[in-house]
Amino acid sequence: MPLSDLVVAVAVEIFPEGLDKLRGTFKTVHYHPDGDVPSEVASSVQLLLTTNKGLPPKFKSVQELPRLQHVQMISAGADKALASDRASAYAANPGVTLSTAAGIHVLSIPNYVVAMVINIFNQIPRQIELGRQEKRWADAQEVDQSGASVFFNRMTYGRTVGVLGYGTLGRETARLLKALGMKVIAANTSGKATPQEGYVFPGTGDADGSIPSQYYSTTDKKALEAFLSRCDVLVAILPSTKHTTYILDRHNLALLPKGAVLINVGRGTLIRSEELAAALDVPGHLLGAAVDLTDPEPLPDGHPLWSHPKLLITPHLSGDTEGELNIAVDIFLANAQRIAEGKPVYNKVDFARGY
């Protein structure tokens, strides 16, 4: 079937320019930003662009959309869709694919990681905080929180960054930090270099997985421990699955080298808040940490982590990319083209893996 003949329904609000792009590609585009797709429309829909929860709430089964071929979410993760009461509807209907918009945050989250590494290495937040609160010129030793005898700005050059989770975001993070002179190692399920899968924004990433000098398997306890012991900077970008929940426990955090920095842009459930606090409290161990996600999330008002001097907390905004919904439309269009050509879609959700 020609691409333009595919019938599209959009069940989420998108930017006008994105909607114009869809209407310029397909002959029939039904736009229902409130998610309330009428039954008479549902009977003809072949491609559905929707929220991070997958099927709109009014549909309990994909069978209510008899011509449906593909459900495209605007989110990079699938955890909310898989946690919904309609998750089994996809698995039971292999003729309907479900995919994420993984890659939508590739222009913002890796930049956030770089910013936080530089902020902590140079103790910039501490310098700003002292000036703002006390309205005076701070002494260098007041700024330093490492316990060193003399304050210094730490170099990225020559230090090792370990990327825990080498997907789209991990690869772009690796590319950017390598440009700052960092040595890159990575940990993934296989412990091997793999070609980059899924949608790739032009000019980003690591197509053949050649940036890391060494890989480690997250499923091998000894390999994971060896990986963590080398990380001057640990960047956690894992999805939330039964295998990754609390993977960075007290034991594993203790393996990080003296003066290490931890950045978590994966999921809050990778680290228990109390174990993160305990690791930061060990004298002379971690230089600092930055997290854009917490356990629980949102972090409760008054929680001790809010005021920890070695921790930077942001309210899960690192992925709020400028024009991100237009990128989601681009991913949707790329998948529509692949469907029209009889090819597998990008970012297809694997129900066994949980993402």
Side-chain angles (χ1 to χ4, degrees), residues 105 107-162 169 172-173 176-182 231-237 248 253 256-266 268 270-271 273-322:
H105 305 312
L107 300 182
S108 62
I109 292 180
N111 294 6
Y112 171 97
V113 172
V114 173
M116 289 303 178
V117 170
I118 292 173
N119 265 289
I120 295 173
F121 269 16
N122 294 276
Q123 309 266 321
I124 293 173
R126 175 67 173 163
Q127 297 180 54
I128 294 171
E129 179 185 23
L130 283 170
R132 179 174 292 150
Q133 290 186 350
E134 302 190 15
K135 298 179 176 59
R136 64 178 179 81
W137 199 270
D139 180 81
Q141 290 313 113
E142 293 179 280
V143 170
D144 187 81
Q145 294 180 293
S146 69
S149 57
V150 178
F151 169 81
F152 56 88
N153 295 305
R154 287 155 180 79
M155 297 186 298
T156 54
Y157 185 86
R159 283 189 162 88
T160 297
V161 57
L169 298 179
E172 177 64 1
T173 298
L176 295 178
L177 290 176
K178 183 180 180 182
L180 294 179
M182 299 198 79
C231 297
D232 296 314
V233 174
L234 173 63
V235 181
I237 320 183
L248 294 176
L253 291 173
L256 294 171
K258 180 180 179 181
V261 168
L262 167 65
I263 313 290
N264 183 19
V265 287
L270 301 182
I271 317 169
S273 289
E274 58 269 24
E275 298 202 345
L276 174 58
L280 290 168
D281 285 339
V282 175
H285 185 207
L286 298 182
L287 176 63
V291 297
D292 192 44
L293 323 101
T294 60
D295 178 50
E297 186 172 311
L299 194 66
D301 294 352
H303 192 284
L305 281 183
W306 282 117
S307 57
H308 200 290
K310 289 187 176 182
L311 181 62
L312 302 178
I313 302 174
T314 52
H316 205 152
L317 294 178
S318 68
D320 284 27
T321 312
E322 181 181 8

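Numbering starts at 1 and runs along the sequence shown.
The local environment of CD in Glu322 is sparse, with at most 12 non-hydrogen atoms from other residues, nucleotides or ligands closer than 6.0 Å. For CZ of Arg136, the number of neighbouring non-hydrogen atoms (other residues, nucleotides, ligands) closer than 6.0 Å is greater than 12.
For Asp292 against Gly319, the heavy-atom pair with the smallest separation is OD2-N, 4.5 Å. Across all their heavy atoms, Phe151 and Gln127 have their closest contact at CZ-NE2, 4.1 Å. When all heavy atoms of Leu293 and Asn264 are compared, the closest pair comes out as CD1-O, 3.3 Å. The shortest heavy-atom contact between Gln141 and Ser149 is NE2-O, 3.3 Å. Summarising the geometry of Pro110 relative to Leu176, their closest heavy-atom pair is CB-CD1, 3.8 Å, with the distance given to 0.1 Å. Heavy atoms only, all atoms of each residue included: His285 and Leu256 are closest at NE2-O, 2.9 Å.
Remark: Thr294 engages no residue in a side-chain hydrogen bond (donor to acceptor under 3.5 Å, both in side chains) (not counting sequence neighbours). With sequence neighbours excluded, the residues forming a side chain to side chain contact (heavy atoms under 4.5 Å, CB included) with Leu130 are Arg126, Glu134, Ala138, Glu142, Val143, listed by chain and number. Residues forming a side-chain hydrogen bond (donor to acceptor under 3.5 Å, both in side chains) with Ser108 (at least two apart in sequence, or on another chain): Thr321. Looking at residues two or more places apart in sequence or on another chain, you find a side chain to side chain contact (heavy atoms under 4.5 Å, CB included) between Pro300 and Pro296, His303. Residues meeting the side chain to side chain contact (heavy atoms under 4.5 Å, CB included) test with Ala277, sequence neighbours left out: Leu305. With sequence neighbours left out, Asp232 forms a side chain to side chain contact (heavy atoms under 4.5 Å, CB included) with Arg159, Thr160, Pro257. With sequence neighbours excluded, the residues forming a side-chain hydrogen bond (donor to acceptor under 3.5 Å, both in side chains) with Glu297 are His316, listed by chain and number.
The shortest distance between side-chain heavy atoms of Leu311 and Leu276 falls below 4.5 Å. At a threshold of 4.5 Å between non-hydrogen side-chain atoms, the residues Val117 and Thr156 count as touching. A heavy-atom distance below 4.5 Å is found between the side chains of Leu287 and Arg154.
Taken from CG in Leu248 to CG in Asp295, the straight-line distance is 12.0 Å, to the nearest 0.5 Å. In this structure, Leu280 CG and Glu275 CD are separated by 12.0 Å, a value rounded to the nearest 0.5 Å. To the nearest 0.5 Å, atoms CG (Leu253) and CG (Leu234) are separated by 8.0 Å.
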**Message:** Under the criterion side-chain contact (heavy atoms from CB on, under 4.5 Å), I'd like the reasoning laid out for Ile109 against Ile237: C-alpha separation, chi angles, the key distance, then a yes or no.
**Reply:** CA-CA 10 Å; Ile109 292 180; Ile237 320 183; 5.5 Å; no
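Within the structure, side-chain hydrogen bond (donor to acceptor under 3.5 Å, both in side chains) pairs that include any residue of residues 304-313 comprise Asp281-His308 (at least two apart or interchain). The side-chain hydrogen bond (donor to acceptor under 3.5 Å, both in side chains) pairs that include a residue from residues 109-125 are Tyr112-Thr314, where partners are two or more places apart or lie in different chains.
Of the candidates Ile120, Leu312, Val161, Ile120 is the only one forming a side chain to side chain contact (heavy atoms under 4.5 Å, CB included) with Ile263.
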